Peer 1: 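Would you mind keeping the following structure in view while I ask a few things?
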Amino acid sequence: MELAVLMFSSDDNATAQRIGVTVTEWQRWKYGDEPVPRWLWLLLRYERDRERMGPWRGFKADGDRIISPWGDSMQFDEWTQLREYRRAAQLANDQADMIERLMAERDFYRENCHRQARFGLMLNRIFR
């Protein structure tokens with residue numbers, strides 16, 4: 001059943017050319033006249049599984065590295081440190097938020113100090 005779903009295609013010529021066989025050979029396999037070779041079944045299954053990878057599509061494994069489609073890579077040993085990387089990123093975001101909040105408070109108090117100073121100077125002039 002799974003193979004039947006994999007083998008249905010609208011363009012037999014393109015499929016035969018893609019896998020490097022004749023159209024007649026492809027159609028014999030497709031219509032069940034001859035058993036499908038294991039290599040073809042594995043190829044079609046691999047392609048189906050690759051399509052189902054979703055956001056992981058395009059990633060490759062090379063030795064102990066995972067390589068993204070954009071060229072970034074990560075060693076297998078780094079995988080165990082992902083929790084710490086995420087924690088460090090969260091701490092950096094929290095620190096940036098705190099700095100913004102402190103700057104807003106500083107500006108508020110600075111403005112209030114200037115107002116109070118002006119008010120105090122004004123009172124000094126009035127009561128002199």
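Just so we're clear, the structure is a prediction, and the values are computed from it rather than from any experiment. Any value given below was found using the heavy atoms of this structure, including those in side chains, with hydrogens, waters and symmetry copies removed.
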Peer 1: Do W79 and F59 sit in the same hydrophobic cluster, where Ile, Leu, Val, Met, Phe, Trp and Tyr count as joined when their side-chain heavy atoms come under 4.5 Å apart?
Peer 2: yes

Peer 1: Only counting residues at least two apart or in another chain, list the ones meeting side-chain contact (heavy atoms from CB on, under 4.5 Å) with R83.
Peer 2: none

Peer 1: Determine whether the side chains of Y31 and Q27 contain a donor N or O and an acceptor N or O closer than 3.5 Å.
Peer 2: no

Peer 1: Under 3.5 Å, side chain of E78 to main-chain N/O of Q75, donor-acceptor pair present?
Peer 2: yes

Peer 1: Is I19 reachable from V36 through a run of hydrophobic residues whose side-chain heavy atoms are each under 4.5 Å from the next?
Peer 2: yes

Peer 1: Might you point out which heavy atoms bring T80 and D77 nearest each other, and give the distance in Å?
Peer 2: OG1-O, 2.9 Å

Peer 1: Go through the steps to decide whether R28 and E25 satisfy the test salt bridge (charged side-chain N to carboxylate O under 4.0 Å, His left out), and finish with yes or no.
Peer 2: CA-CA 5 Å; R28 278 192 235 132; E25 195 172 16; 5.8 Å; no

Peer 1: Taking the side chain as everything from C-beta on, heavy atoms only, tell me whether M74 gets closer than 4.5 Å to L82.
Peer 2: yes

Peer 1: Could you pull out all donor-acceptor pairs under 3.5 Å where a side-chain atom in residues 96-110 meets a protein atom, sequence neighbours excluded?
Peer 2:
none

Peer 1: Are L43 and W29 co-members of a hydrophobic cluster defined by side-chain heavy atoms under 4.5 Å apart?
Peer 2: yes

Peer 1: In this structure, would Y46 and L44 fall into the same cluster of hydrophobic residues linked by side-chain contacts under 4.5 Å?
Peer 2: no

Peer 1: According to side chain to side chain donor-acceptor pair (under 3.5 Å), does anything in residues 61-74 pair up with another residue at least two apart or in another chain? List the pairs.
Peer 2: R65-S73

Peer 1: Can Q90 and D94 be counted as having a side-chain donor-acceptor contact under 3.5 angstrom?
Peer 2: yes

Peer 1: Is there a path of hydrophobic side-chain contacts, each under 4.5 Å between heavy atoms, that joins L40 and L42?
Peer 2: yes

